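Accompanying notes for the structure given below.
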Amino acid sequence: MNITFEELRRIKHSLPHGSMRRIAGELNRDEQDVRSFFGTDKQKRTPADWHYEPGAEGGIISMRDTSILDSARRILSEPHFH
């Protein structure tokens, strides 16, 4: 799956407080792994979950495992969030 870096950051910034911890718990992952997925400096290091290619809108992120992104989008689609 491909997504722009700017879209990935927009999703991160749209999540309610506590979402990183919630996603980590739901996926049985370390909370810092979830934070890194959304916030790693794309120029210095990237998480193992995605590959970065420079380009428009901050570049393109190519990922195989979309579980963290899927969880974030699910949280954003919950009725009580709106």
Side-chain angles (χ1 to χ4, degrees):
M1 173 198 183
N2 294 330
I3 186 172
T4 66
F5 186 77
E6 291 300 319
E7 176 66 9
L8 187 66
R9 298 294 288 172
R10 186 194 64 73
I11 290 169
K12 177 198 180 249
H13 293 298
S14 298
L15 290 168
H17 181 75
S19 293
M20 299 299 155
R21 180 176 296 135
R22 178 178 166 187
I23 292 168
E26 289 175 356
L27 299 176
N28 197 29
R29 303 219 18 203
D30 184 77
E31 188 174 341
Q32 189 57 47
D33 289 344
V34 176
R35 290 184 190 286
S36 292
F37 178 86
F38 287 103
T40 299
D41 182 339
K42 64 184 183 292
Q43 299 299 326
K44 294 181 182 174
R45 64 183 182 93
T46 58
D49 293 347
W50 52 258
H51 173 74
Y52 169 74
E53 289 292 330
E57 295 187 59
I60 300 293
I61 306 298
S62 178
M63 63 185 78
R64 291 183 194 168
D65 180 1
T66 62
S67 58
I68 293 173
L69 183 60
D70 295 340
S71 291
R73 286 179 167 160
R74 188 181 71 263
I75 290 170
L76 291 175
S77 71
E78 291 174 349
H80 65 273
F81 179 70
H82 298 286

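Predicted model, so just to flag it, every value in this text is computed and none were measured.
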How far does [atom1] of [X] sit from [atom2] of [Y], to the nearest 0.5 angstrom?
X     : Y     : atom1 : atom2 : answer
Arg29 : Ile68 : CZ    : CD1   : 4.0 Å
Asn28 : Ser67 : CG    : OG    : 11.5 Å
Ile23 : Phe38 : CD1   : CZ    : 5.0 Å
Glu6  : Arg9  : CD    : CZ    : 8.5 Å

Atom of [X], atom of [Y] and distance for their closest heavy-atom approach:
X     : Y     : value
Ile61 : Phe5  : CD1-CD1, 3.8 Å
Ile75 : Pro16 : CG2-CD, 3.9 Å
Leu76 : Ser14 : CD2-O, 3.5 Å

Pair Ile11-Ile3, side chain to side chain contact (heavy atoms under 4.5 Å, CB included): steps then yes or no = CA-CA 11 Å; Ile11 290 169; Ile3 186 172; 4.0 Å; yes
message = Can you confirm whether more than 12 heavy atoms, excluding those of His17, are under 6.0 Å from its NE2 atom?
response =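 Not more than 12 within 6.0 Å, no.
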inquiry  = Surrounding CZ of Arg21 (heavy atoms of other residues, nucleotides or ligands, distance under 6.0 Å), is the total greater than 12?
reply    =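 Check fails, neighbour count at 12 or below.
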N-O pairing of Glu7 and Arg10 below 4.0 Å = yes
key: For Val34, the option from Glu26, Met20, Arg22 that meets side-chain contact (heavy atoms from CB on, under 4.5 Å)   =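 Per the side-chain contact (heavy atoms from CB on, under 4.5 Å) rule, the option paired with Val34 is Met20, out of Glu26, Met20, Arg22.
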ask   = Of all residues at least two apart in sequence or in a different chain, which pass the side chain to side chain donor-acceptor pair (under 3.5 Å) check with Arg73?
value =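 So Arg73 forms no side chain to side chain donor-acceptor pair (under 3.5 Å) with any residue.
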key: side chain to side chain donor-acceptor pair (under 3.5 Å) partners of Thr4, counting only residues at least two apart   = none
task = Kindly write out the residues that satisfy side chain to side chain contact (heavy atoms under 4.5 Å, CB included) with Asn2, not counting sequence neighbours, or none if the list is empty.
result =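 Testing Asn2 for side chain to side chain contact (heavy atoms under 4.5 Å, CB included), a comparison that skips the adjacent residues, returns Ile60, Ser62.
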